[in-house]
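Working notes, beginning with the structure itself.
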Amino acid sequence: IRMCIPARSIREEDWLVISASKCRPSVNDLSCIPRLNAKFEYYSLERGSTHIFDLRPTWFTFIGVSGANLCIAICSIVSAALAFSGFLKFAAVFLGMTYLVPGILELLCAIAYTTSTRSFSTHISPSESMIWWALAFTSIVFGAVIIFKDTEIMRVLPVPFLVNIPLIVVQNLVILG
């Protein structure tokens, strides 16, 4: 430790912060994904000052990820059990709920994400919520088609893939960098 250079003798431009106070959100993971080369935002440079930042996911990210996955698991199991028991119409409704309920939770997440000023200890850009809007829209539409117009499933099936995959690429490469 005696051999270490004190931080006060290192110039600002010599520091390379891999990540500190900023995280990148994810649609399938609650962990903090560091943003490369993000600069740590100091609020005070006084000796002995404490810098506090929160890397916990926001409530709406938790609902969008965990709530949606829980609904998918429960509705899938109930749908399979109902189909096995011979209640095919109810099984189809629960199959549609496998998409519809998570879509509603993703819509709630998208709205909260857009209107929130706090996400992973930093202000967010509304453009970062783009993938949540796409997931919500495609999930709600596909779930409604399964429940109310099941004869059109095969026509609508490619739509979520054709909409979400390019938007995930745009979200990860362009918006989040």
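Just so we're clear, the structure is a prediction, and the values are computed from it rather than from any experiment.
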| message | Check for me, please, whether Met97 and Ile153 land in the same ILVMFWY cluster - side-chain distances under 4.5 Å, paths through other members count. | response | no

| message | With heavy-atom distances below 4.5 Å as the criterion, would you say the side chains of Tyr99 and Val141 are in contact? | response | no

| message | Can you confirm whether Ile140 sits close enough to Leu100 that some side-chain heavy atom of one is under 4.5 Å from a side-chain heavy atom of the other? | response | yes

| Hphob cluster co-occupancy, Leu105 + Trp59, side-chain heavy atoms under 4.5 angstrom | yes

| said: Less than 4.5 Å apart, side chain to side chain, heavy atoms only: is that true for Trp132 and Leu107? | reply: no

| message | Do Phe148 and Ile104 land in one hydrophobic cluster if side-chain heavy atoms of ILVMFWY residues count as linked below 4.5 Å? | response | yes

| query | Should Val145 and Met154 be counted in the same cluster of Ile, Leu, Val, Met, Phe, Trp and Tyr side chains packed under 4.5 Å apart? | reply | yes

| said: Using every non-hydrogen atom in the two residues, find where Ile146 and Ala92 come nearest and quote the distance to one decimal. | reply: CG2-O, 3.5 Å

| request: Working to the nearest 0.5 Å, report the span between CG of Leu167 and CG of Leu162. | output: 11.0 Å

| note | In terms of heavy-atom contacts, Cys71 and Val101 come closest through SG-CG1, 3.4 Å

| What closest approach, in Å, do Met130 and Val170 show between heavy atoms, and which atom pair accounts for it? | CE-CG1, 3.7 Å

| Minimum side-chain heavy-atom gap Thr98-Ser76 below 4.5 Å | yes

| Are the side chain of Ser79 and the backbone of Ala91 linked by a donor-acceptor contact shorter than 3.5 Å? | yes

| said: Distance check, rounded to the nearest 0.5 Å: Phe142 atom CZ versus Leu157 atom CG? | reply: 4.5 Å

| What distance separates Phe94 CZ from Ile147 CD1, expressed to the nearest 0.5 Å? | 9.5 Å

| task | Apply the test side chain to side chain contact (heavy atoms under 4.5 Å, CB included) to residues Leu108 and Phe60: give CA-CA distance (whole Å), side-chain angles for both, the deciding distance (0.1 Å), then the verdict. | result | CA-CA 7 Å; Leu108 174 67; Phe60 49 85; 5.8 Å; no

| request: Quick one: closest heavy-atom pair of Ile131 and Ile168, and the distance? | output: CD1-CG1, 3.3 Å

| remark: Residues Gly103 and Ala136: closest non-hydrogen pair is O-CB, 3.5 Å

| note | Between Leu135 and Glu106 the two heavy atoms that sit nearest each other are O-OE1, 3.1 Å

